[in-house]
Amino acid sequence: MTSEERAKITDLKKCNFNEMAEYFKAQSEARKAMTKEDKLKIKAENERLLQEYGFCIMDNHKERIANFRIEPPGLFRGRGDHPKMGMLKRRIRPEDIIINCSKDSKHPKPPPGTKWKEVRHDNKVTWLVSWTENIQGSIKYIMLNPSSRIKGEKDWQKYETARNLKKCVERLRHQYREDWKSKEMKIRQRAVALYFIDKLALRAGNEKEEGESADTVGCCSLRVEHINLHAEKDGQEFVVEFDFLGKDSIRYYNKVPVEKRVFKNLQLFMENKQPEDDLFDRLNTSILNKHLQELMDGLTAKVFRTYNASITLQQQLKELTNPDENLPAKILSYNRANRAVAILCNHQRAAPKTFEKSMQNLQAKIDAKKDQLAEAKRDLKGAKADLKVRRDEKSKKALESKKKAVERVEEQLMKLEVQATDREENKQIALGTSKLNYLDPRISVAWCKKWGIPIEKIYNKTQREKFAWAIDMADEDFEF
DNA sequence: GTAGATACTTAGTACTGATAGT
DNA sequence: ACTATCAGTACTAAGTATCTAC
C-alpha cells in the first residue's frame with residue numbers, strides 16, 4: 001500500500017477481494033480447460049528451457065543447475081510471525097546480477113540494452129550467479145544440483161566428519177560432564193548447552209537481528225521463558241520442559257529428565273533473570289564452535305545432529321528389521337527407523353488437508369479386503385469338503401487354487417494394514433528432510449543389500465542421483 | 001568480543017504430473 | 001476414458017558457519 005492507502009485502509013476484513021479471487025479462479029479454469037496439445041506444447045517448451053539454461057560445464061563435466069530460474073517478484077510471506085510479511089519482493093534485473101564463471105568461458109549475455117552488475121572469475125566458490133534480495137538484504141545464489149560432483153563430495157565429507165565424531169564422542173561426553181562442575185560460569189553454560197545439542201539434537205542457535213525475521217531460537221539462543229524446571233514430574237526426577245519456536249517457527253515441545261547436575265546448573269543460570277533474558281548469557285555459537293574445533297578437527301555444533309541422526313538410523317534398523325518378515329514389513333521397519341530420526345530432529349509437517357478422508361478411504365479398503373478374505377476362506381472350506389466326497393484330481397486342483405487365493409488375499413490385506421499403520425504414524429512427521437540431509441546414505445544402501453531390498457523402494461530417481469556416490473561405494477557390511 | 005558480509009546447508013509447503021482405481 | 005489420489009518436484013525461506021575489520 002502507498003502511505004495514503006495505508007491511512008485509508010485500516011481493516012482488511014472490510015476490503016473486497018472478489019476481483020482477485022475471480023481472476024485466480026479464471027486462471028485455474030483456463031488451465032483445466034487446456035487441450036492435450038496445449039499441455040504438450042508447454043511441456044516441450046519447459047524441456048527446451050531446461051536444456052538451454054539448466055546446465056553448465058564445471059571442470060569439463062556437464063552438470064545440472066539446481067535453481068536456474070530467477071525468483072519472480074511477489075509479496076513476501078515468510079514463515080511464522082514474520083515482521084516483513086507482505087513486503088514487495090522486487091523484480092530482479094540484469095543490473096542486479098553477478099555472473100561467476102571461468103575467464104575463458106562463454107557465459108550468457110544480458111538481454112539487449114542491459115548489463116550485468118559484474119562478471120567475475122572466482123574459483124574458490126561454487127556459485128554461478130548471485131544477487132542481493134531486497135527484503136532482508138541477503139545474497140541469493142544459483143548453484144549446482146545435488147547430483148553434481150561438487151555437492152556430492154561435500155555431502156560425503158559431511159558424513160565422514162560425523163563418523164569421526166563417532167570415534168571420539170565418548171571422550172567429549174566425559175569432558176562436558178566434567179565441565180558441569182567448572183568454576184567458570186562460561187564453561188558450565190557451554191557444557192550444558194552441548195549436552196542439549198548432543199542429547200536432543202538441537203540446532204546451534206545463532207543470534208538473529210531483532211525485527212528482521214520471526215522470533216525463533218536454537219540452543220545457544222534459548223531464553224529463560226523457553227524452559228520450565230520440574231524437580232519432579234510424572235514420577236520422574238529433574239525434568240526440563242522445553243517449549244520454543246525453532247527454525248521455520250516449528251514448535252519444539254519436549255519434557256526431558258536430565259541429570260541432577262544439569263538441573264542444578266539450569267537453576268543457577270536462571271537466577272535473577274527475567275523471562276526474556278538469555279538462558280546461556282555467557283555463550284554463543286561462535287564460542288561453542290571454537291571450543292568444538294579444539295576437540296576435534298572439523299567439529300561444529302551441527303555435526304552432532306548429523307551424527308545422532310545417522311547413528312539412530314543404524315541402531316534402529318538393527319533393532320527393528322526382522323529377517324523372517326516379507327518385503328512390505330521390512331520397508332515398514334525402515335520407515336519406522338527413519339521416523340525415529342525425524343522425531344529426534346523435530347521434523348514436522350502440517351497434517352495433510354485430506355488426511356482424515358484418505359485414512360477413511362484406506363480403512364474402507366481394508367474392510368472390503370476382510371470381507372473378501374472371509375469369502376475366500378468359505379470357498380476354501382467348500383473345496384475341502386468337495387475333495388472329501390469326490391476324491392478326484394479335479395477337486396484336488398480346485399482346492400490348491402482356493403488355498404492360493406486365500407494366501408493372496410491375506411497378503412494383500414496385510415499390505416493394506418501395514419500401509420495404514422505407516423500413514424497414521426506419519427501424520428505430522430516429515431521423513432524427507434532427515435532422509436535427504438541427515439542420514440548417511442551408505443547405511444540405507446548397506447541395509448538394502450543385506451536384506452535384498454531393491455534400492456528403488458527406499459530412494460526415488462532423484463534421490464538415487466543425489467546419493468550415487470553412496471550407492472557406488474557401500475557394500476552390505478558398511479558400518480557408520 | 002562484535003558486526004557485517006559471504007557462502008553454503010537445511011527446511012516446509014504448494015503445485016503438478018503420473019498412476020491407480022472406477 | 002475419466003477422475004481421485006499420491007509421490008515427486010519446484011520453490012525459496014531460514015538456518016549454520018566462517019571470515020574480515022575494527
Side-chain angles (χ1 to χ4, degrees), chain A residues 28 31-32 36 39-40 42-43 46 50 54 66-72 74 76-80 82 84-85 89 98 100 122 124-127 130 132-133 135-146 150-151 154-155 157-158 186 197 202-209 212-214 216-221 245-250 282 284-290 292-293 298-306 309 342 345-355 357-359 361-362 364-365 368 419 423 428-438 459-463 466:
Chain A
S28 113
R31 215 176 322 121
K32 254 189 232 158
K36 235 180 209 155
K39 284 183 185 165
L40 237 51
I42 291 172
K43 200 175 171 187
N46 280 337
L50 172 67
N67 54 328
F68 63 89
R69 274 176 247 262
I70 208 77
E71 295 176 16
F76 178 83
R77 171 61 185 87
R79 301 205 250 266
H82 199 116
K84 302 207 168 177
M85 170 171 70
K89 188 163 117 169
I98 302 173
N100 187 37
D122 182 353
K124 296 285 173 281
V125 297
T126 72
W127 54 268
S130 75
T132 301
E133 152 270 351
I135 305 284
Q136 334 248 6
S138 64
I139 308 170
K140 298 249 182 169
Y141 302 92
I142 291 182
M143 291 182 188
L144 294 191
N145 199 67
I150 208 157
K151 294 286 183 190
K154 210 57 192 306
D155 210 31
Q157 202 179 82
K158 173 181 79 184
K186 182 176 157 183
I197 286 171
L202 299 189
R203 294 189 186 82
N206 284 319
E207 286 116 304
K208 311 170 55 175
E209 219 179 317
E212 285 297 297
S213 58
T216 63
V217 297
C219 186
C220 293
S221 51
L245 297 182
K247 180 174 178 180
D248 293 311
S249 292
I250 297 291
R282 309 279 172 88
N284 60 40
T285 52
S286 135
I287 295 171
L288 179 63
N289 280 336
K290 228 170 248 161
L292 292 176
Q293 193 59 245
L299 187 61
T300 61
K302 84 187 185 83
V303 178
F304 281 87
R305 241 166 110 79
T306 311
C345 295
N346 200 38
H347 290 141
Q348 300 192 37
R349 61 166 184 177
K353 285 193 181 79
T354 54
F355 185 84
K357 201 172 117 226
S358 104
M359 218 52 209
N361 287 348
L362 192 54
K365 262 193 211 168
Q419 203 185 346
R423 195 179 294 176
Q428 296 187 75
I429 312 280
L431 300 187
T433 302
S434 50
K435 199 176 194 177
L436 248 39
N437 300 302
Y438 288 102
Y459 291 138
N460 67 30
K461 184 162 161 280
T462 314
Q463 296 170 155
K466 169 172 165 131

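Keep in mind it's a predicted model, so treat the numbers as computed, not measured. Each chain gets a letter, A, B and so on, in the order the sequences are listed, and its residues count up from 1.
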Checklist entry - Which atom names give the shortest non-hydrogen contact between Phe68(A) and Ile142(A), and what distance separates them? => result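 What the structure gives for the nearest pair is O-CD1, 4.2 Å.
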Checklist entry - So which heavy atom on Leu292(A) is nearest to which on Ala301(A), and how close? => result CD1-N, 3.5 Å
Quick one: [X] [atom1] to [N] [atom2], roughly how many Å, whole number?
X: Lys247(A); N: dT9(B); atom1: NZ; atom2: P; value: 12 Å
X: Ile150(A); N: dT9(B); atom1: CD1; atom2: C1'; value: 14 Å
X: Gln157(A); N: dC8(B); atom1: CD; atom2: P; value: 12 Å
X: Asn46(A); N: dC15(B); atom1: CG; atom2: P; value: 17 Å
X: Asn145(A); N: dC8(B); atom1: CG; atom2: P; value: 16 Å
X: Leu431(A); N: dA11(B); atom1: CG; atom2: C1'; value: 14 Å
X: Lys302(A); N: dC8(B); atom1: NZ; atom2: C1'; value: 9 Å
X: Ile429(A); N: dA11(B); atom1: CD1; atom2: P; value: 14 Å

If only atom types and distance count, is the side chain of [X] paired as donor or acceptor with the main-chain N or O of [Y] below 3.5 Å?
X: Lys208(A); Y: Ser221(A); result: no
X: Gln348(A); Y: Ala430(A); result: no
X: Asn284(A); Y: Cys220(A); result: no

Checklist entry - Is it true that atom CZ of Arg77(A) has more than 12 heavy atoms of other residues, nucleotides or ligands lying nearer than 6.0 Å? => result yes
With a 4.0 Å cut-off on heavy atoms, is [X] in touch with a base, just the backbone sugar-phosphate, or nothing at all?
X: Lys461(A); value: nothing
X: Ala350(A); value: sugar-phosphate
X: Lys89(A); value: sugar-phosphate
X: Arg77(A); value: nothing
X: Arg203(A); value: sugar-phosphate
X: Arg282(A); value: nothing

Checklist entry - Is there a donor and acceptor pair, one atom on the side chain of Lys154(A) and one on the base of dT9(B), closer than 3.5 Å? => result no
Next on the checklist: Within the 4.5 Å heavy-atom criterion, are Asn67(A) and Tyr141(A) side-chain neighbours or not?
Outcome noted: no
Checklist entry - Any side-chain heavy-atom pair from Leu436(A) and Gln463(A) closer than 4.5 angstrom? => result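 With C-beta onward as the side chain, the pair touches.
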Next on the checklist: For Thr433(A) and Lys186(A), find the nucleotide of DNA chain B closest to each by heavy atoms; which residue's nucleotide sits nearer the 5' end?
Outcome noted: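 Taking each residue's closest nucleotide, the earlier one in sequence belongs to Lys186(A).
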Checklist outcome for this item: Walking DNA chain B from its 5' end, the first of Leu436(A) and Asn284(A) to be reached, judged by nearest nucleotide, is Asn284(A)
Item to check | Nucleotides bounding contact with chain A, strand DNA chain C, heavy-atom threshold 4.0 Å | outcome: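 For DNA chain C, the relevant span reads dT5(C) to dT18(C).
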Next on the checklist: If you assign each of Cys219(A) and Ala66(A) to its closest nucleotide in DNA chain C, which residue comes earlier from the 5' end?
Outcome noted: Ala66(A)
Item to check | Whichever of Pro72(A) and Val303(A) has its nearest DNA chain C nucleotide further upstream toward 5' | outcome: Pro72(A)
Checklist entry - So does Lys290(A) get a side-chain nitrogen or oxygen closer than 4.0 Å to the phosphate oxygens (OP1/OP2) of dG1(B)? => result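 So the side-chain polar atoms of Lys290(A) never come under 4.0 Å of the phosphate oxygens OP1 or OP2 of dG1(B).
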Item to check | Below 4.0 Å: OP1/OP2 of dT10(B) and any side-chain N or O of Arg79(A) | outcome: no
Next on the checklist: Between Asp155(A) and Lys466(A), does the side chain to side chain contact (heavy atoms under 4.5 Å, CB included) criterion hold? Intermediate values first, please.
Outcome noted: CA-CA 9 Å; Asp155(A) 210 31; Lys466(A) 169 172 165 131; 4.0 Å; yes
Item to check | Candidate list Ile139(A), Ile98(A), Leu144(A), test side-chain contact (heavy atoms from CB on, under 4.5 Å), partner Trp127(A), passing option | outcome: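 Testing Trp127(A) for a side-chain contact (heavy atoms from CB on, under 4.5 Å) against Ile139(A), Ile98(A), Leu144(A) leaves exactly one candidate, Ile98(A).
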Item to check | Aromatic plane relationship, Phe76(A) with His82(A) - under 30° parallel, 30 to 60° tilted, over 60° perpendicular | outcome: perpendicular
Please tabulate the protein-to-nucleotide N/O contacts below 3.5 Å involving nucleotides 5-7 of chain B, giving atom names and distances.
{"from": "dA7(B)", "atom 1": "OP1", "to": "Trp127(A)", "atom 2": "NE1", "distance (Å)": "3.4"}
{"from": "dA7(B)", "atom 1": "OP2", "to": "Trp127(A)", "atom 2": "NE1", "distance (Å)": "3.3"}
{"from": "dA7(B)", "atom 1": "OP2", "to": "Tyr141(A)", "atom 2": "OH", "distance (Å)": "3.0"}

